[in-house]
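One structure is given here, and the rest of the page talks about it.
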Amino acid sequence: MQALLFSHDKVACEDYEPRIDPVPSGAGEDETIIKIVRLIKNNEPLGATIYLNERTGCVEIARILHGGAAYRSGLLSAGDEIHEINGEPVRGLEPDKIVAMLVRTFSVFSFPCFLSVSPNPLCIYSKINCCFFFQLKVRCLFSFDPGTDEHIPCREAGLPFKARRLLLILIGTLALASGQKCIFPTTDDMRALYINTGLFLCLTYYLLFTVIAPGSISPCRYSPKIPKQIRLRKTMYHIVQSGDFDTDEIPTYEEVELYRPKQPLKIFRPIIFIGPPGIGRNELKRRLKASNPQHFEEVVPYTSRDKRPHEVDGKEYNFLTREDMESQIIAQKFVEYGEYKGNLYGTSLESIKSVIQRNKVCLLAPHTQALKFIRTAELRPYIIFIKAPGMERMKYTRLEQHARATHTENTAPFSAEELRDIAELSAKMEERYSHFFDAVIINDDLHEAAAALIKLAAKIEREEQWVPIGWAY
Ligand SMILES: Nc1ncnc2c1ncn2[C@@H]1O[C@H](COP(=O)(O)OP(=O)(O)OP(=O)(O)O)[C@@H](O)[C@H]1O
C-alpha cells in the first residue's frame with residue numbers, strides 16, 4: 001500500500017526522473033566524467049564482492065558474480081572504487097565496517113554508494129533488502145576444498161568441508177565478501193562463505209553457515225570416478241548391473257532433519273551392513289543377532305533353486321519357481337538379485353518391510369548397489385560401513401583365526417593377497433560411498449568390533465540422529 005501511494009504521488013507530481021544526489025565530497029577535482037546510476041533491486045543480493053585495497057585505501061569491487069544483479073545491470077566492474085554508502089564516506093573503512101553499516105538495519109534500507117572507475121567515475125544507487133528469509137540444514141555428500149575449485153568466484157571465502165559434514169545454511173539477501181576475510185557479522189562458528197554446489201553453478205546468493213554437528217565419519221575425498229573393480233573372490237552371486245548407481249549422479253547436499261526416537265519405540269530402523277566381501281559383515285550381523293535373537297531378525301533371501309531335504313521354506317530361503325522369480329524381478333520387487341550356477345537368488349523389498357512391520361530390527365548385508373533401493377524414507381535404514389583395519393592388523397587377525405570366505409566354494413583360509421584385495425576395496429568403497437554411511441566400524445579385533453556394534457545398535461534406538469528430510473516421522 002505504501003509503495004502504491006508512493007507511486008501515485010510520484011505520478012501526480014510528474015516526478016519521473018531519478019533524483020541524482022550531489023557528487024560526493026570525496027570525488028577528486030580532476031574527475032571529468034561522472035556517471036550516476038540508480039540500481040533498484042528486489043530481495044536479491046547485489047552479486048558482487050568487495051575488498052580493501054591496502055595500497056590506495058579504497059574499498060573496491062573485487063568480483064562481479066555472473067548472473068547477479070550487478071552483473072545484469074552492466075554498470076559495475078571489478079576494480080570500481082566505493083566512496084559512499086548512504087551518504088557516509090567509506091574510504092579507509094575496513095570491509096567489515098562497511099558491511100556492519102549495511103546489516104545494522106534488518107529491514108529494507110537503501111544502499112546508495114558512490115563508485116568511481118578510473119578514469120571514469122561512476123555513481124551507483126541500489127536498494128537492498130537485507131533480512132534472512134530462508135534456512136536450510138544439509139549434509140554435505142562430498143568433500144570440498146575451495147583452493148582447488150576453479151569455478152568459485154572468491155576462493156578465500158570458500159567453505160572447506162568433508163563429506164557428511166552437517167551445515168546450517170541461512171540464505172540472506174545481502175552479504176559482501178572481501179577478498180581476504182569474511183565480512184558478514186560473524187561468530188566463531190558462523191561464517192559468510194561460498195559453497196560449491198557441485199554442479200559448477202555460480203551462486204548468486206551469499207550463504208551464512210554455522211556448522212551444526214561434526215560428521216561422525218573419518219574424512220574422505222569425494223571422487224566422481226567409480227573405483228576400478230579389483231580382483232575379488234568368487235561370491236555367491238553377482239549383482240545384476242541394472243541395480244548399479246548411475247555413474248553420472250553427482251552427490252551434492254542432502255537436506256536433513258533431526259529424528260528423535262519416541263519411546264517406547266515400535267518401528268525400528270533396519271541396520272544395513274556395507275563393506276567389501278570377506279570383511280566380516282555376516283559375522284558381525286550374526287553376533288548382533290545372537291545378542292538378542294528376539295529383537296533382531298535377518299532377512300530370508302529368495303531362490304529359484306530346488307529345496308534340499310533338510311531345508312525349510314522360509315527359513316534358509318524362500319523358494320520360488322524361476323518364472324515367478326523372474327516376473328518379480330521385472331516388477332522391481334527385489335532390492336538385489338543375481339544368478340549363481342543357473343539359479344536365481346535375491347532379497348525382496350517385501351521381506352525387509354515384513355520384518356519392520358513385526359517390530360523387529362531388520363539386519364541386512366546387501367551389496368552396495370542395493371542401497372539405491374533400500375535408502376528410502378519408507379525403510380529409513382541405518383547404514384554401517386564395516387571397514388578393514390590396516391594391512392598388518394588384517395593379516396594378524398584373519399590369518400591367526402584361519403578366517404576364510406563364507407560365500408565361496410574355496411574353503412581355504414584367506415591368502416595374504418586376498419586380504420590385501422579386501423583392504424583395498426574397503427578404502428575405495430569408503431571413498432566412493434561414504435556419504436551414505438551413518439557409522440563406521442573398523443573390524444579389527446572381532447570381539448571389540450562386535451561389542452561396538454551392539455552398543456551402537458542400542459544407541460540407534462535411543463539417541464537423536466540427523467536423517468534425510470521426510471524420515472523423521
Ligand atoms: N575381525 C575378525 N577377525 C578374524 N576373523 C574375522 C573377523 N571378522 C570376520 N572374520 C572371519 O572372516 C571370514 C569372512 O567373514 P564374513 O563371512 O562375515 O564376511 P562377509 O563380509 O560377510 O563376506 P561374505 O559376503 O563373503 O561372507 C569369516 O570366517 C569370519 O569369521
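Both ligands and their constituent atoms are indexed starting at 1 by order of listing.
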K333 bridged to E350 by N-O distance under 4.0 Å: no

Ligand-residue contact atoms, ligand 1 with N443, heavy atoms, under 4.0 Å: 1 (N), 2 (C), 7 (C), 8 (N), 9 (C)

Min heavy-atom dist L284 to ligand 1 below 4.0 Å: no

N or O contact, R286 vs ligand 1, cut-off under 3.5 Å: no

Y433 ring center within less than 6.0 Å of F385 ring center: no

L379 and L349: CA distance, side-chain angles, deciding distance, side-chain contact (heavy atoms from CB on, under 4.5 Å) verdict: CA-CA 9 Å; L379 301 182; L349 192 58; 3.7 Å; yes

Positive for salt bridge (Lys or Arg N to Asp or Glu O under 4.0 Å) with E298, one of K315, K285, K360, R286: K285

T397: numbered ligand 1 atoms lying under 4.0 Å from its heavy atoms: 3 (N), 4 (C)

Nitrogen or oxygen atoms of I279 and ligand 1 under 3.5 Å apart: yes

Reference residue Y302; test ring pair (Phe, Tyr, Trp, His ring centres under 6.0 Å); the match among F334, F319, Y345, Y317: F334

Ionic contact status for E283 with R287, cut-off 4.0 Å: yes

N-O pairing of R305 and E311 below 4.0 Å: yes

Closest to atom 10 (N) of ligand 1 (judged by heavy-atom distance), picking from A449, A403, A450: A403

Any N or O of F414 closer than 3.5 Å to N or O of ligand 1: no

Under-4.0 Å heavy-atom contact with ligand 1, by part of E400 that carries it: neither

Min N/O separation N282 to ligand 1 under 3.5 Å: yes

Proximal ligand 1 atoms for P277, defined as those under 4.0 Å from one of its heavy atoms: 23 (O)

Residues R358 and S354: side-chain donor-acceptor under 3.5 angstrom: yes

Enumerated ligand 1 atoms positioned under 4.0 Å from heavy atoms of G278: 14 (C), 19 (O), 20 (P), 21 (O), 23 (O), 24 (P), 26 (O)

Contact check: Q401 vs ligand 1, nitrogen or oxygen atoms, below 3.5 angstrom: no

